[in-house]
2 protein chains.
Amino acid sequence: MAKRRTDGLSKEVIVQAAAAILDDGGEAALTFRALTARLSTGYGAIYHHVANKSDLLAAATDAVITRVTSNAVVDAEPREALRTVSLGLFDAIDAHPWVGAQLSREPWRPALVEIYERIGGLLEALGVPERALFDAAGALVNYVLGVAGQNAANARLLAVDQGDRSAFLAGVSAQWASLDPARYPFVHKAATHLREHDDREQFLAGVDIFLAGIAALHQRRTS
Amino acid sequence: MAKRRTDGLSKEVIVQAAAAILDDGGEAALTFRALTARLSTGYGAIYHHVANKSDLLAAATDAVITRVTSNAVVDAEPREALRTVSLGLFDAIDAHPWVGAQLSREPWRPALVEIYERIGGLLEALGVPERALFDAAGALVNYVLGVAGQNAANARLLAVDQGDRSAFLAGVSAQWASLDPARYPFVHKAATHLREHDDREQFLAGVDIFLAGIAALHQRRTS
DNA sequence: ACCTGAACACCGTTCAAGT
DNA sequence: ACCTGAACACCGTTCAAGT
């Protein structure tokens, strides 16, 4: 250590190192000090390629999302392609929770443009009429972002408490079950389902509700 | 200044002061130094009532959300009550963007339990069958959280750039319009809609898609 | 052009000491 | 029991100086 790098630094190398730190230790672990240590360099070298920490996080997020959205789903009908792309986003965010937190934070960045393009394009291919297209795309993208935020939050909690996922769910479930059924009838009942539910399946169920809603709204003849 | 408080401190007073600072200057403005100055007290006094900064943010969020969810919508049919509660959450998050950021961050806290209870309860009143109820509530809550995150991000950007809302939208719209129509056909087309759209209306359109989807899925007889 | 690393201006949080 | 504020262990970011 403490020896000088022989190869040149680049934004790509920096972003890759940042992503590795984020995957290993979560958002709190990404500091410029950790980054300089991993890259055997100084602060200024990093700032020469990257504007600031926010820029770095955004670039790392863009890289992950582009990998998912550019995965062409060949010869699949739009409905199935939408489910595949949605699930791809879900899995990517599950594997890299910091992406979820970032997506709910800087929506004008390239990563979100990619997502809008992919989902909007598939909805159009599905036959959603133009007047309904933008509301539909906005709703579906916001749903995905909502799940992304939740995933990130759960991952953060799991990182703090050492316990595994099922222990965590059991804990929240017990907490929900202990609420007064008179004041919280729904949440009290939901406690059981929470313990048994599958995140991926529930996510897909939400996508299906959306697609059914879009179909229902633009096909009915009477108000 | 620098004079000692005569009245005692309480968690409620601290949380209220924190909310005022957040409303005035955004999330970055809430520091323990700013809080001690506003309350004419020391750090230890605050830590005596509040575990840490995360606890403080969560408590402030709970207070805002409870105000919305406890607003009983009397004698309204479930469908209309769902729209009213959703819009109430949208407006509250619009007025306090830090609530949006926080909601996508600590989902096991009381604020989210309140939201699940309200929305889940209304979906049940709408006649959604039990087997579909929890997926439906999860999807709708995640949609609301997604919009919450976006709202918070937009507010953060508007706070940095001095420009107003329409100037911001015009800027993003111009950026989208400048994208290559061959590579980004949907986003390129969406640029116009983005400039003209109404956030509240689009949010409600998403809620309607959901409700239509839930109705469609649990009423159809054939698969 | 690209890199180094001491220094600056902040943070959240702790804790011995006060009343 | 409740409060004070100096001190600690961090941050992101800058910038004069090097190659």
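Every chain is numbered from 1, with letters handed out A, B, ... down the list of sequences.
In terms of the side chain to side chain contact (heavy atoms under 4.5 Å, CB included) criterion, residue partners of B:Ala101 (sequence neighbours excluded) are, by chain and number, B:Glu27, B:Arg105, B:Ala152, B:Arg156. B:Ser178 is linked by a side chain to side chain contact (heavy atoms under 4.5 Å, CB included) to nothing, counting only residues two or more places apart in sequence or in another chain. With sequence neighbours excluded, the residues that form a salt bridge (Lys or Arg N to Asp or Glu O under 4.0 Å) with A:Asp24 are A:Arg38. Annotation: side chain to side chain contact (heavy atoms under 4.5 Å, CB included) contacts of B:Ser86 (sequence neighbours excluded): B:Phe203, B:Val207. Shown here are the salt bridge (Lys or Arg N to Asp or Glu O under 4.0 Å) partners of B:Glu117, two or more places apart in sequence or in another chain: there are none. Remark: B:Asn71 pairs with no residue by the side chain to side chain donor-acceptor pair (under 3.5 Å) rule, at least two apart or across chains. Residues that satisfy the salt bridge (Lys or Arg N to Asp or Glu O under 4.0 Å) test with B:Asp62, not counting sequence neighbours, are B:Arg109. Residues satisfying the side chain to side chain donor-acceptor pair (under 3.5 Å) test with B:Asp208, not counting sequence neighbours, are B:Arg83.
The side chain of B:Tyr43 has C:dT14 as its nearest neighbour among C:dT14, D:dG12, C:dC3.
Salt-bridge annotation for B:Asp91 and B:Arg200: present, with a side-chain N of the basic residue lying under 4.0 Å from a carboxylate O of the acidic one.
The interatomic distance linking B:Tyr47 (OH) with D:dT4 (C1') rounds to 15 Å, in whole Å. In this structure, B:Asn52 places its CG atom 9 Å from C1' of C:dT13, rounding to the nearest Å.
Note on B:His48: every side-chain N or O is 4.0 Å or more away from OP1 and OP2 of D:dT4.
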- Query: Would you write out the dot-bracket form of DNA chain C, 5' to 3', with Watson-Crick and G-U pairs under 3.5 Å, [ ] for crossing pairs, | for pairs to other strands and . for unpaired bases?
  - Reply: ||.|||||...|||||.||
Result block: side-chain N/O donor-acceptor pairs under 3.5 angstrom for residues 45-53 of chain A, not counting sequence neighbours:
{"residue": "A:His49", "atom": "NE2", "partner": "A:Leu9", "partner atom": "O", "Å": "3.4"}
{"residue": "A:Asn52", "atom": "OD1", "partner": "A:Ser54", "partner atom": "N", "Å": "3.2"}
{"residue": "A:Asn52", "atom": "OD1", "partner": "A:Asp55", "partner atom": "N", "Å": "2.9"}
{"residue": "A:Lys53", "atom": "NZ", "partner": "A:Leu30", "partner atom": "O", "Å": "2.8"}

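Contacts between residues 21-36 of chain B and DNA chain C, defined by a heavy-atom separation under 4.0 Å, are made by B:Leu30, B:Thr31, B:Phe32, B:Arg33. Of the residues in residues 53-64 of chain A, not one places a heavy atom less than 4.0 Å from an atom of DNA chain C.
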